[in-house]
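Chain identifiers are assigned alphabetically (A, B, ...) following the order of the sequence lines, protein sequences preceding nucleic acid strands; residue numbering begins at 1 within each chain.
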There are 2 protein chains.
Amino acid sequence: MHMLYQPSGAQMLARKLSGIGNLLPEDEAAIAALDMTVMNVAAGHLIAEEGSSPRHCCVIIAGLACRYKILVDGKRQIMSFHTPGDFPDFYSLHVDVMDHSLAAATPCQLGLVPHSIFRQWVRRHPHLANLLWRDTLIDGSMFREWIVNVGRRPGPRRICHLLCELAVRLENVGLAEAGRIPFPLTQSDLSDAVGLSVVHVNRVLQDLKSQNIVLFHNKEAVIADWPKLRAMAQFDGAYLHLKDGGRQLRHFKI
Amino acid sequence: MHMLYQPSGAQMLARKLSGIGNLLPEDEAAIAALDMTVMNVAAGHLIAEEGSSPRHCCVIIAGLACRYKILVDGKRQIMSFHTPGDFPDFYSLHVDVMDHSLAAATPCQLGLVPHSIFRQWVRRHPHLANLLWRDTLIDGSMFREWIVNVGRRPGPRRICHLLCELAVRLENVGLAEAGRIPFPLTQSDLSDAVGLSVVHVNRVLQDLKSQNIVLFHNKEAVIADWPKLRAMAQFDGAYLHLKDGGRQLRHFKI
DNA sequence: CGTCGCCTTGAGCCAGCTCAAATATTGTGG
DNA sequence: CCACAATATTTGAGCTGGCTCAAGGCGACG
C-alpha cells in the first residue's frame with residue numbers, strides 16, 4: 001500500500017493490538033517470535049469459505065479483506081472490511097464452522113498462524129489473551145455500528161460513515177497520511193457493504209466529489225474536508241475503542 | 001413468561017451455555033455456585049447506558065432485553081434482542097465504556113454478577129472461559145446476520161427472519177412450545193429492529209396473518225406454518241452455532 | 001488494439017416513507 | 001368496576017429515495 005518499507009505480519013499485529021490496548025513486554029516478545037507462513041491471495045479470491053473449518057487463523061499483512069454472505073437470490077452483503085493487522089478468522093478458534101466467507105477485496109498478503117499457536121498464547125499469556133478477546137469484542141462493536149449504518153442512515157450518510165471508519169482504522173495502523181487513505185474498493189464492493197445499488201452509490205460519490213468532500217484518484221481516497229465528512233456521517237468513533245479515545249491519530253480525530 | 005415454574009438465573013445460564021457447547025461437571029458446579037443479586041427492571045427502562053462503565057454483568061433471568069443506539073435525529077436502531085440465559089453486557093468486562101444502550105424491552109428479571117466473579121472464572125476455569133468466549137463470538141455471528149437482514153432483505157423477509165431467529169433461540173432455552181413463542185414486542189420495537197417504519201411493519205404483519213403464517217395474540221406469536229415462515233425468511237440457523245446444529249430443537253428445526 | 005471490467009448516465013418505477021387521523025388496547029386512580 | 005389517559009395498532013393518501021433496466025464511455029491490461 002504505497003509504502004516502500006513493508007512491515008512484517010508480526011509488526012502489523014503488534015501495531016493493531018497496541019492501538020486498542022497495552023502490550024506487555026512479554027506479549028511483544030510472543031508476537032515478535034510468531035512464525036507465520038506468508039501467503040498471497042489475488043483480489044476477489046477466497047481466504048476462508050462459508051461452511052469450511054479452518055485449522056489456522058490469518059493475519060492480514062497488506063491489502064484489504066472483507067467478510068460477506070451471498071443470499072440465495074445472488075445478492076451479496078459485506079459485513080466488514082479488514083485492514084492490515086486484523087485477524088478476521090480468529091473466531092474459527094472457538095467456532096467450528098465458518099458461517100460466512102472471507103475474501104481478499106484487493107490483492108492481499110496474509111500470515112497464516114496455526115490454531116495451536118494461538119491456543120498456546122491464550123494458555124500462557126493471559127494478558128495477551130484478554131487483549132485478543134477485547135479485539136473480538138471490538139469487532140462486535142463494529143458490527144453493531146454497521147447495523148445502525150445500514151438500518152437507519154440514508155444513503156449518503158451511510159457511505160460517509162464507512163469512509164470515516166476506514167480512515168480512522170487505517171490511520172491507526174499507520175496506513176493513512178495527510179488526509180489520504182488507500183481506497184482500492186470498487187463501487188460494487190462499496191454498494192454491497194452499505195446495502196445500496198451500484199448506481200446509487202455512484203451518484204452519491206459524484207455528489208461528494210462535487211461538494212469537495214472526498215475525491216477518488218488512483219485507488220486512493222483524498223479526504224478534502226474531514227470535518228464536513230465527519231459531520232455528514234455523524235461519525236463518532238467511540239465504538240472503535242481505540243486506546244486513549246484515538247487521541248494519537250493525527251489526521252482523523254475521532 | 002407464561003410459566004408457573006420459574007427457573008433461577010444460574011439455571012437459565014446453564015441452559016444457555018449448554019445449548020452452544022458442553023459444560024464440564026466442574027463448570028456446572030461453578031455456575032450453580034454463582035451468587036447473583038436479583039433485580040427487576042420495568043419495560044423500557046435502561047439496564048446499562050451508552051457511555052457508562054458497568055462494574056458488573058447481568059444475566060437475563062426472565063423477559064426480553066435489547067441493545068440499541070439512538071441517532072442524533074432521534075431514530076433508533078435495535079441491534080439485538082436478548083432472551084433469558086443471555087448476558088448481554090458481558091463485553092463490559094474487556095471494554096471500558098458502553099458504546100450502546102441496553103434496555104428492558106419488556107419487564108425483566110436480571111441477575112447481577114460482579115466483574116470480579118467472571119474474571120475469577122476466566123482464570124480458574126479455562127474450559128468455561130472458552131465457552132464464554134465462544135458465546136461472545138456467536139453474538140458477533142448474530143450481528144453479522146442482522147447486517148445481512150437489514151442490508152439486503154426486503155421488508156417481509158426481514159421480519160420473518162427475525163421471527164425465525166427468536167423462535168429458535170427461545171426454544172433453545174426451553175421457552176417456546178408447540179409453535180408458540182412469547183412475543184412481547186411492540187410493532188415500534190420491531191420496526192426499529194428491522195430498520196423499517198412502524199406503518200410498514202404493521203402492513204407486513206397483517207399480510208403474514210392473512211396468509212396464515214404467523215398470528216399474534218396476547219403477547220405471543222403463534223407460528224402457524226413454520227416451513228412457510230422459514231422459506232419466506234430464507235432462514236438458515238447455522239449462524240447460531242447451536243450444539244449439534246440445533247437438532248435437539250423440537251418445533252423450530254434450523 | 002481489442003476486450004473486459006468498471007464507471008457513468010438516463011429514464012421509469014415501486015417499496016417503503018411520511019403525515020395525519022381513527023380506532024383499539026392497556027394501564028391508572030378514584 | 002368505571003372513566004380517562006396514555007400507548008399501541010390500523011387505515012388512507014400521497015410522495016420519494018433508491019431501485020432496475022439498458023446503453024454508452026473509458027481505462028487498464030494482455
Write out a two-atom table: protein N or O, nucleotide N or O from nucleotides 24-30 of chain D, distance below 3.5 Å.
none

Original post:
Do B:Met142 and B:Arg169 touch side chain to side chain, with heavy atoms closer than 4.5 Å?
Top reply: yes
Subject >> Any A:Cys164 side-chain heavy atom under 4.5 Å of A:Leu229 side chain >> reply: yes
**OP:** Give one of base, sugar-phosphate or nothing for A:Gly195, where a contact means two heavy atoms less than 4.0 Å apart.
**Re:** sugar-phosphate
Original post:
Any side chain to side chain donor-acceptor pair (under 3.5 Å) pairs touching residues 222-238 of chain A, not counting sequence neighbours?
Top reply: none
**OP:** Please report how far the helix from C:dT8-D:dA23 to C:dG30-D:dC1 bends, comparing the axis fitted to its first five pairs with the axis fitted to its last five, to the nearest 10 degrees.
**Re:** 50°
Original post:
In chain order, what residues pass the side chain to side chain donor-acceptor pair (under 3.5 Å) check against B:Ser92, with sequence neighbours excluded?
Top reply: B:His115
Show me, pair by pair, the donor-acceptor contacts under 3.5 angstrom made by side chains of residues 211-219 of chain A, not counting sequence neighbours?
| residue | atom | partner | partner atom | Å |
| --- | --- | --- | --- | --- |
| A:Gln211 | NE2 | A:Asp207 | OD2 | 3.2 |

**OP:** Would you mind reporting whether A:Leu190 and A:Phe183 have side-chain heavy atoms less than 4.5 Å apart?
**Re:** yes
Subject >> Span of DNA chain C, from the first to the last nucleotide whose atoms fall under 4.0 Å of chain B heavy atoms >> reply: C:dG16 to C:dC19
Original post:
What are the residues of residues 69-76 of chain B, sorted by number, that bring a heavy atom to within less than 4.0 Å of DNA chain C?
Top reply: none
Original post:
Got a sec, which residues hit salt bridge (charged side-chain N to carboxylate O under 4.0 Å, His left out) with A:Arg76, two or more places apart in sequence or on another chain?
Top reply: A:Asp189, A:Asp192
Original post:
So do A:Glu165 and A:Leu240 actually touch side chain to side chain, heavy atoms under 4.5 Å?
Top reply: yes
Original post:
Does A:His251 use its side chain to pair, donor to acceptor, with the backbone of A:Ala178 at less than 3.5 Å?
Top reply: yes
**OP:** Report yes if some heavy atom in the side chain of A:Ile60 is under 4.5 Å from a heavy atom in the side chain of A:Ile47; otherwise report no.
**Re:** no
**OP:** Kindly state which residues belonging to residues 150-161 of chain A come within less than 4.0 angstrom of DNA chain C, counting heavy atoms of the residue only, listed by number.
**Re:** none
**OP:** Would you mind building the protein contact string for nucleotides 6-11 of chain D? One character per nucleotide, 5' to 3', B for base within reach (heavy atoms under 4.0 Å), S for sugar-phosphate only, - for untouched.
**Re:** --SSBB
**OP:** Keeping the roles fixed (side chain from A:Ser101, backbone from A:Tyr68), state whether a donor-acceptor pair exists under 3.5 Å.
**Re:** no
Subject >> Salt bridge present between A:Arg153 and A:Glu145 (N-O < 4.0 angstrom) >> reply: yes
Subject >> Residues forming a salt bridge (charged side-chain N to carboxylate O under 4.0 Å, His left out) with A:Arg158, sequence neighbours excluded >> reply: none
Subject >> Validation row: A:Asn172, A:Thr83 side chains within 4.5 angstrom (heavy atoms) >> reply: no
**OP:** For A:His82, enumerate each residue passing the side chain to side chain donor-acceptor pair (under 3.5 Å) test, keeping only those at least two apart in sequence or located in another chain.
**Re:** A:Arg67, A:Ser80, A:Asp86
Original post:
Would you say A:Asp139 and A:Tyr91 make side-chain contact, with heavy atoms under 4.5 Å?
Top reply: no
**OP:** Answer yes or no: is there a donor N or O on one side and an acceptor on the other, between the side chain of B:Trp146 and the main chain of B:Ala193, under 3.5 Å?
**Re:** yes
